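Working notes for the structure below.
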Number of protein chains: 2
Amino acid sequence: MEIPDSIRCEFEERGGIDGITKLLPGDQRIKDITSIARALSDPVRLRVMLALCMQPMCVCLLVSMTGYAYSKMSYHLSVLKDCGLVCARQEGNYLIYYPTDPGRKIVEWIEGWW
Amino acid sequence: MEIPDSIRCEFEERGGIDGITKLLPGDQRIKDITSIARALSDPVRLRVMLALCMQPMCVCLLVSMTGYAYSKMSYHLSVLKDCGLVCARQEGNYLIYYPTDPGRKIVEWIEGWW
DNA sequence: CCAATGTTTCAAAGAGGCTTGAAATCTTGG
DNA sequence: CCAAGATTTCAAGCCTCTTTGAAACATTGG
């Protein structure tokens, strides 16, 4: 295995392939991160997430705001919920969705970034 | 359109559906964010991205570290590159990939988060 | 120029995510 | 209990992303 000169030195100081591999996160952590990234990788869900951070809303409001079908909205909300970005409380006949604490922090970071 | 009592007041103070919709980011910004989220939503790419933040590497090193085919690695690197998370410099026969400044900041934030 | 190595491109197959409408579930008011 | 509205579940089709191997391209050394 050849290694270009410009990186060989520092590469070997870091313990080579083994050294770097050992510092990488384990499967569970990778899964946690990728599931959140995937949740935010769809324009529908990102907009819903941003909207919920401004204002908790029931599904019917989200449907009314976006024009999407209930089943579509429900699917996307379930993705956001399964990775821990949002949760919901029941009020009478309504389910009101709102961001979790981690969800809100992530959104605030994104908003501050761009 | 019925609105549950617990949110009607604050919902209307925010200008209702129109008020909230107007504060949401435009299409281009949504696209920028979702493309980065999508890039980090695949375990292969997330690991490669984290590894490159420890140590710039040529493709052959990444291939050797992961056991993936060249074409597979190349595909994932192109996704990371297209959304601006990594870039590459040529050295002789090698292409050495490394994180962009924004790419590094995002990874550092992720690492600090979890 | 040729051979060897590193890397990307391409097309086809495979896998997984998204959309859709209908049906099922749940809650409340009568 | 029944009817109405809110929400979820389900299965099917569709579409996009990922994987794979072969071929093409690029760079270096001889």
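Since the model is a prediction, treat every value here as computed from it, not as a measurement. Lettering follows sequence order; numbering is per chain, from 1.
- Each of A:Tyr98 and A:Val44 belongs to its own hydrophobic cluster when Ile, Leu, Val, Met, Phe, Trp and Tyr are linked at side-chain heavy-atom distances under 4.5 angstrom.
- A:Arg47 contributes atom CZ, which lies 7.5 Å from atom CG of B:Leu24 (distance to the nearest 0.5 angstrom).
- Contact between B:Ile17 and A:Ser64 at its shortest, heavy atoms only, is CD1-OG, 3.2 Å.
- Between B:Met73 atom CE and D:dT18 atom C1' the separation is 14 Å, expressed in whole Å.
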If you restrict it to nitrogen or oxygen atoms, what contacts under 3.5 Å exist between nucleotides 23-30 of chain C and the protein, and what is each distance?
{"from": "C:dT27", "atom 1": "O3'", "to": "A:Gly92", "atom 2": "O", "distance (Å)": "3.4"}

Reading 5' to 3' through nucleotides 9-20 of chain C, protein heavy-atom contacts under 4.0 Å coded B for base, S for sugar-phosphate only, - for none: B-------SSBB

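- Put simply, CE on B:Met57 is 16 Å from C1' on C:dT7, counting in whole angstrom units.
- Counting all heavy atoms, side chain and backbone alike, B:Thr34 lies closest to A:Pro43 at CG2-N, 3.8 Å.
- The distance between atom CD1 of B:Ile3 and atom P of D:dG5, rounded to the nearest whole Å, is 17 Å.
- From B:Leu61, atom CG reaches atom CD1 of A:Ile3 across 5.0 Å, with rounding to the nearest 0.5 Å.
- With sequence neighbours excluded, no residue satisfies salt bridge (charged side-chain N to carboxylate O under 4.0 Å, His left out) with B:Asp101.
- Residue A:Ile7 comes nearest to B:Met57 through the heavy atom pair CD1-CA, 4.0 Å, listed as atom of the first residue, atom of the second, then distance.
- Scanning for salt bridge (charged side-chain N to carboxylate O under 4.0 Å, His left out) contacts around A:Arg8 gives A:Asp5, with sequence neighbours left out.
- The CG atom of B:Leu46 sits 17 Å away from the C1' atom of D:dC17 (whole-angstrom rounding).
- Proximity of A:Tyr97 to the phosphate of D:dT8: a side-chain N or O atom is located under 4.0 Å from OP1 or OP2.
- With rounding to the nearest 0.5 angstrom, the CG atom of A:Asp32 is 12.0 Å from the CD1 atom of B:Ile110.
- At whole-Å resolution of the value, CG in B:Leu77 and P in C:dT7 are 10 Å apart.
- The distance from atom CZ of B:Arg89 to atom P of C:dG6 is 17 Å, rounded to the nearest whole Å.
- Here the SG-CD distance, from A:Cys58 to A:Glu91, works out to 9.5 Å after rounding to the nearest 0.5 Å.
- Rounded to whole angstrom, the span from the CG atom of B:Leu62 across to the P atom of C:dT7 amounts to 9 Å.
- In the hydrophobic clustering (ILVMFWY side chains linked at under 4.5 Å, chained through shared members), B:Val79 is joined by B:Tyr75.
- As a whole-Å value, the separation of B:Leu80 CG from C:dT8 C1' is 16 Å.
- Across the helix from C:dC1-D:dG30 to C:dG30-D:dC1, the helix axis at one end is tilted relative to the axis at the other end by 30° (nearest 10 degrees, each axis from five pairs).
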